[in-house]
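The block underneath contains the structure these notes are about, expressed in structure tokens.
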Protein chains: 2
Amino acid sequence: MFNQTEISSIRNFNRDYTKLLGILNKKVLGTPLSWTEGRVILEISFNHDKTPIEVANSLNLDKSYTSRIIKRFEKNELLTKSPSATDSRSVQLHLTSKGLALVKELDERSDQQIKDLLGNLSDLEQKKFYQAMSTIDTLLFNRK
Amino acid sequence: MFNQTEISSIRNFNRDYTKLLGILNKKVLGTPLSWTEGRVILEISFNHDKTPIEVANSLNLDKSYTSRIIKRFEKNELLTKSPSATDSRSVQLHLTSKGLALVKELDERSDQQIKDLLGNLSDLEQKKFYQAMSTIDTLLFNRK
DNA sequence: AATTATAGTGGACAAAGTCCACTATAATGC
DNA sequence: GCATTATAGTGGACTTTGTCCACTATAATT
């Protein structure tokens with residue numbers, strides 16, 4: 001098991017990474033969306049026909065809060081709702097072309113951020129970064 | 001430079017790691033402190049005699065917001081202020097024994113969280129995790 | 001000495017998030 | 001099939017968190 005120095009290093013890393021991601025995430029700015037709104041619209045874009053409750057669960061958000069965000073999106077014509085085929089309590093969410101365009105913009109900005117952040121690294125360093133990240137990804141999140 | 005698949009993987013990782021850290025960070029619960037309050041008291045504990053403005057700058061917080069948090073800490077007897085020797089506009093912050101005890105508790109909880117999170121990994125996996133994390137740490141934050 | 005910058009504070013406000021109650025429907029146990 | 005319990009979605013009311021601005025006191029600059 002890790003010793004105290006290692007634990008401290010890990011916590012240190014987590015703090016710094018939190019801070020870094022916090023800074024990156026705040027810059028969803030330039031779009032009219034808050035960070036959480038950005039997460040919500042991205043989540044909806046990942047696989048179509050998601051329901052509000054699925055969104056709320058995936059992102060650990062309060063369902064009432066999520067409901068209001070979605071309502072706002074609907075009002076701003078970023079998405080539409082349609083009745084669920086299988087559960088009439090529920091609705092399915094569909095991004096409009098306006099919503100998709102916004103997602104595209106968000107994606108492009110986020111991609112660019114990553115490039116800016118890591119662009120100064122040499123090719124070898126980038127390779128090392130990517131491998132290290134993949135290692136952690138596999139160990140923590142079981143992605144293959 | 002990274003290709004699109006790699007960029008996507010990196011963003012994916014960042015999302016998942018954000019979520020993970022978000023979950024971990026929320027659990028400062030069990031103590032009477034919010035996440036930001038936790039960051040503030042830890043920051044003060046790192047090196048004594050910090051001033052409010054230094055805390056605010058390190059954590060990217062609004063100075064007025066920071067001032068209020070510190071005021072709350074003072075009221076709850078977690079810290080005391082003393083006039084700065086070198087700048088009479090400013091004050092130096094000192095944790096009381098109560099404040100130190102709370103920091104200790106926070107530290108122990110955080111350490112335990114890391115152990116819980118990574119405890120299921122085998123020794124080899126833990127070693128790989130630690131090396132990968134250290135690699136990213138060096139590449140992103142220039143720590144040696 | 002005059003000007004400009006900075007530390008700290010508080011008022012007023014805005015944004016983000018939580019909690020509760022309610023309706024409508026589904027699922028479960030009998 | 002009927003009663004009970006659980007779940008999806010919504011809104012009201014509220015708390016927490018964070019922002020913006022203005023002000024005082026002191027420092028630094030010219």
Side-chain angles (χ1 to χ4, degrees), chain A residues 18-19 21-23 25-44 49-76 79-94, chain B residues 18-19 21-44 49-76 78-94:
Chain A
T18 299
K19 193 173 166 183
L21 291 173
I23 291 167
N25 288 331
K26 279 221 171 134
K27 295 224 181 138
V28 183
L29 228 41
T31 75
L33 300 185
S34 74
W35 179 50
T36 302
E37 286 172 336
R39 293 169 73 208
V40 168
I41 200 172
L42 281 183
E43 190 67 30
I44 295 169
D49 296 348
K50 272 219 158 172
T51 64
I53 201 76
E54 285 169 339
V55 173
N57 289 339
S58 314
L59 302 179
N60 291 311
L61 300 176
D62 181 85
K63 62 182 180 158
S64 133
Y65 185 40
T66 308
S67 169
R68 274 176 253 252
I69 290 176
I70 288 171
K71 193 181 175 189
R72 227 146 50 217
F73 284 172
E74 202 180 10
K75 190 176 169 195
N76 289 98
L79 58 74
T80 58
K81 293 173 185 168
S82 67
S84 160
T86 56
D87 184 339
S88 54
R89 288 169 305 179
S90 187
V91 295
Q92 287 174 330
L93 305 171
H94 318 278
Chain B
T18 298
K19 193 173 165 184
L21 291 173
I23 292 166
L24 293 187
N25 287 332
K26 276 214 175 140
K27 295 223 180 143
V28 182
L29 228 42
T31 76
L33 299 185
S34 72
W35 179 50
T36 303
E37 287 172 334
R39 294 168 73 209
V40 169
I41 201 172
L42 281 183
E43 189 66 30
I44 295 170
D49 295 349
K50 273 219 157 172
T51 64
I53 201 75
E54 285 169 340
V55 172
N57 290 337
S58 315
L59 302 178
N60 290 311
L61 299 177
D62 181 85
K63 62 181 180 159
S64 129
Y65 185 39
T66 308
S67 169
R68 273 176 254 251
I69 290 176
I70 288 171
K71 193 181 174 187
R72 227 145 48 216
F73 285 172
E74 203 180 8
K75 189 176 167 194
N76 289 96
L78 298 174
L79 57 75
T80 58
K81 293 174 184 168
S82 67
S84 160
T86 56
D87 184 340
S88 54
R89 290 170 304 178
S90 187
V91 296
Q92 288 175 330
L93 305 171
H94 318 277

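Side chains are part of it too, since the values below use all heavy atoms of this structure and drop only hydrogens, waters and symmetry mates. Chain identifiers are assigned alphabetically (A, B, ...) following the order of the sequence lines, protein sequences preceding nucleic acid strands; residue numbering begins at 1 within each chain.
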Between C:dG8, D:dG9, C:dT18, which nucleotide gets closest to the side-chain atoms of A:V91? D:dG9

Could you check which of D:dT26, D:dG11, C:dG11 has an atom nearest any side-chain atom of B:S64? C:dG11

Regarding B:T36, tell me which of base, sugar-phosphate or nothing describes its non-hydrogen contacts under 4.0 Å with the strands shown. sugar-phosphate

A:R89 has a side chain; which of C:dT25, D:dG18, C:dA16 sits nearest to it? C:dT25

Touch class at under 4.0 angstrom, heavy-atom based, for B:T51 against every strand present: sugar-phosphate

Please tell me which of the listed nucleotides, D:dG9, D:dT19, C:dG8, lies nearest to the side chain of A:K63? D:dG9

Separation of B:R68 atom CZ from D:dT17 atom P, in whole Å? 14 Å

Which part of the nucleic acid, if any, lies within reach of A:D87 when heavy atoms closer than 4.0 Å are counted: base, sugar-phosphate only, or nothing? sugar-phosphate

For the residue pair A:D49 and A:H94, establish whether any side-chain heavy-atom pair is separated by less than 4.5 Å. yes

Tell me: CG of A:D62 to C1' of D:dG12, nearest whole Å? 13 Å

Closest heavy-atom pair and its distance - B:L59, B:E43: CD2-OE1, 3.6 Å

When the distance from CD1 of A:I53 to P of D:dG9 is rounded to whole Å, what number comes out? 6 Å

Spacing of A:L93 atom CG relative to D:dA8 atom P, expressed in whole Å: 13 Å

Separation of atom CD1 in B:I69 from atom P in C:dG8, rounded to whole Å: 14 Å

Per B:Y65 side chain, nearest of listed nucleotides C:dG17, C:dA26, D:dG18: D:dG18

Separation of C:dA16 P from B:W35 CH2 (nearest whole Å): 15 Å

Rounded to whole Å, please give me the gap between NZ in B:K75 and C1' in C:dT9. 16 Å

Please confirm whether the shortest side-chain N or O distance from A:S90 to OP1 or OP2 of D:dT7 is below 4.0 Å. no

Could you state the interatomic distance from CD1 (A:I70) to NZ (A:K63), rounded to the nearest 0.5 Å? 12.5 Å

In whole Å, I'd like the distance from the CG atom of B:L61 to the C1' atom of C:dA7. 16 Å

B:S67 side chain N/O closer than 4.0 Å to the phosphate oxygens (OP1, OP2) of C:dA7? no

So CG of B:D62 and CZ of B:R68: to nearest 0.5 Å the spacing works out to 8.0 Å

Starting from the C-alpha separation in whole Å, work towards a yes-or-no answer on side-chain contact (heavy atoms from CB on, under 4.5 Å) for B:F73 and B:L93. CA-CA 10 Å; B:F73 285 172; B:L93 305 171; over 6 Å; no

Could you please name the option among D:dG12, C:dG17, D:dT17 that lies closest to any side-chain atom of B:S34? D:dT17

Under 4.0 Å from OP1 or OP2 of C:dG8: is there any side-chain N or O of B:K81 that close? no

